[in-house]
Amino acid sequence: MQPQLQGKQVLLRSVRKSDIDDRTAIGRHHEFVHMCGGESLPAPEFPDRKVWENWYVEQKRREENEYSWIIDLGDKCIGCAGLHHLSEADKSATYRIGIFDPQYHAKGIGTEVTGLVLQFGFESLHLHRIDLKVLDYNKRAIRCYEKCGFQIDGILRESAYIEGTFYSDVIMSILEDDYRNFYCR
């Protein structure tokens, strides 16, 4: 069972069946899909409920193998976050976050969620390093990660081919000492 992480605005919790209804209502939006490296959407898409039932099953599976949370705002699923590629030997993990509903972009939710997950990773799991990969054109996410203490490790030049164009991935990380200096002053 995933531990719940409570923030000021959001609750990070396990997936539940009602999240299928929330995902069905939100649908897929261009900005979210594009920032994750997907093809452009000319308009929001509202796939059949079966798509989100499969998504629910995938989220349940993730909870068995990694730390995976639903981002809950006002008792509704608006996104998900997690730590995966956990290495006990290296004391490291990779961070992921996605806020599905564009009405909640640029509202500080990503920053709050990232802080909660970092706190859990460094203080409960006793990790040494948490890293991530983000497309170079996702400037808002990069600013969020920097605001949370991540530093750029390097660039994977032209590593993503999206709609006929190559884009680079930015590799970022935060170390245990960075976290302590950044959050525990």
Side-chain angles (χ1 to χ4, degrees), residues 5 7 10 12 28-42 44-45 55 58-59 62 65-71 78-185:
L5 306 178
V10 299
L12 301 184
R28 283 192 191 117
H29 295 269
H30 167 73
E31 187 170 0
F32 174 76
V33 171
H34 187 62
M35 292 305 165
C36 293
E39 302 289 319
S40 293
L41 298 176
E45 294 179 344
W55 168 85
E58 175 64 19
Q59 295 307 304
R62 281 184 168 182
N65 302 307
E66 60 187 60
Y67 290 95
S68 184
W69 295 275
I70 294 299
I71 302 169
I78 65 161
C80 62
L83 292 171
H84 59 105
H85 294 122
L86 283 109
S87 169
E88 219 172 283
D90 296 327
K91 296 180 69 173
S92 66
T94 299
Y95 176 61
R96 65 174 172 76
I97 182 174
I99 298 174
F100 312 132
D101 192 334
Q103 75 173 320
Y104 296 112
H105 294 172
K107 304 242 188 279
I109 292 169
T111 301
E112 181 177 342
V113 169
T114 302
L116 288 169
V117 174
L118 292 177
Q119 181 180 20
F120 176 76
F122 289 117
E123 295 181 18
S124 296
L125 298 180
H126 306 287
L127 296 175
H128 175 71
R129 173 189 169 89
I130 298 174
D131 59 36
L132 61 85
K133 181 168 75 168
V134 60
L135 287 161
D136 63 349
Y137 59 72
N138 194 343
K139 304 296 186 202
R140 185 177 59 237
I142 293 168
R143 280 192 307 276
C144 169
Y145 301 141
E146 288 175 333
K147 191 180 345 180
C148 292
F150 281 86
Q151 296 178 32
I152 294 174
D153 289 341
I155 307 292
L156 297 175
R157 297 180 315 138
E158 297 186 1
S159 57
Y161 188 67
I162 303 165
E163 297 183 327
T165 303
F166 285 101
Y167 295 96
S168 297
D169 281 304
V170 179
I171 306 302
M172 302 180 78
S173 70
I174 181 170
L175 303 177
E176 175 180 20
D177 287 343
D178 300 332
Y179 170 80
R180 302 246 178 264
N181 290 334
F182 198 80
Y183 286 94
C184 304
R185 298 179 217 169

Leu135 side, atom CG; Tyr167 side, atom OH - distance, nearest 0.5 Å: 9.0 Å
His85 atom NE2, neighbour heavy-atom count above 12 within 6.0 Å: no
Separation of Asp177 CG from Leu175 CG (nearest 0.5 Å): 7.0 Å
Gap separating the OG atom of Ser168 from the NZ atom of Lys133, nearest 0.5 angstrom: 11.5 Å
Asp101 (side chain) donor-acceptor with Gln103 (main chain) under 3.5 angstrom: yes
Heavy-atom side-chain contact between Leu12 and Tyr67 under 4.5 Å: no
Verdict with supporting geometry, Arg96 and Glu66, salt bridge (charged side-chain N to carboxylate O under 4.0 Å, His left out): CA-CA 11 Å; Arg96 65 174 172 76; Glu66 60 187 60; 3.1 Å; yes
Sidechain N-carboxylate O distance under 4.0 Å for Arg180, Asp178: no
Least distance between heavy atoms, Leu83 atom then Trp69 atom: N-CZ3, 4.3 Å
Residues 110-117, side-chain donor-acceptor partners within the protein, below 3.5 Å, at least two apart:
residue : atom : partner : partner atom : Å
Glu112  : OE1  : Gln9    : N            : 3.2
Glu112  : OE1  : Gln9    : NE2          : 3.2
Glu112  : OE2  : Lys8    : N            : 2.6
Glu112  : OE2  : Gln9    : N            : 2.9
Glu112  : OE2  : Val10   : N            : 3.3
Thr114  : OG1  : Tyr95   : OH           : 2.8
Thr114  : OG1  : Gly110  : O            : 2.7

Candidate pair Asp136 and Asp169, rule side-chain contact (heavy atoms from CB on, under 4.5 Å), full reasoning: CA-CA 6 Å; Asp136 63 349; Asp169 281 304; over 6 Å; no
Heavy-atom check, side chain of Thr94 versus side chain of Leu86, under 4.5 Å: no
CG-OG distance between Leu127 and Ser87, expressed to the nearest 0.5 angstrom: 9.5 Å
Reference residue Glu176; test side-chain hydrogen bond (donor to acceptor under 3.5 Å, both in side chains); the match among Lys91, His128, His126: His128
Main-chain N/O of Ile99 paired with His105 side-chain donor or acceptor, under 3.5 Å: yes
Ser124 side chain to Gly121 backbone, donor-acceptor under 3.5 Å: no
Backbone N/O of Val134 and side chain of Asn138: donor-acceptor pair under 3.5 Å: no
Aromatic ring pairing Tyr161/Phe166, orientation class (parallel under 30°, perpendicular over 60°, tilted between): tilted
Partners passing ring-ring contact (aromatic ring centres under 6.0 Å, His included) against Phe122 (at least two apart in sequence or in another chain): Tyr179
Pair Ser173, Arg129: side-chain N/O donor-acceptor within cut-off below 3.5 Å: yes
Residues Ile142, Phe150; criterion side-chain contact (heavy atoms from CB on, under 4.5 Å); working and verdict: CA-CA 9 Å; Ile142 293 168; Phe150 281 86; over 6 Å; no
Qualifying residue for side-chain contact (heavy atoms from CB on, under 4.5 Å) with Tyr145, from Ile174, Ile152, Ile97: Ile97
Student check: side-chain heavy atoms of Gln119 and Leu5 closer than 4.5 Å: no
Validation row: Cys148, Leu118 side chains within 4.5 angstrom (heavy atoms): yes
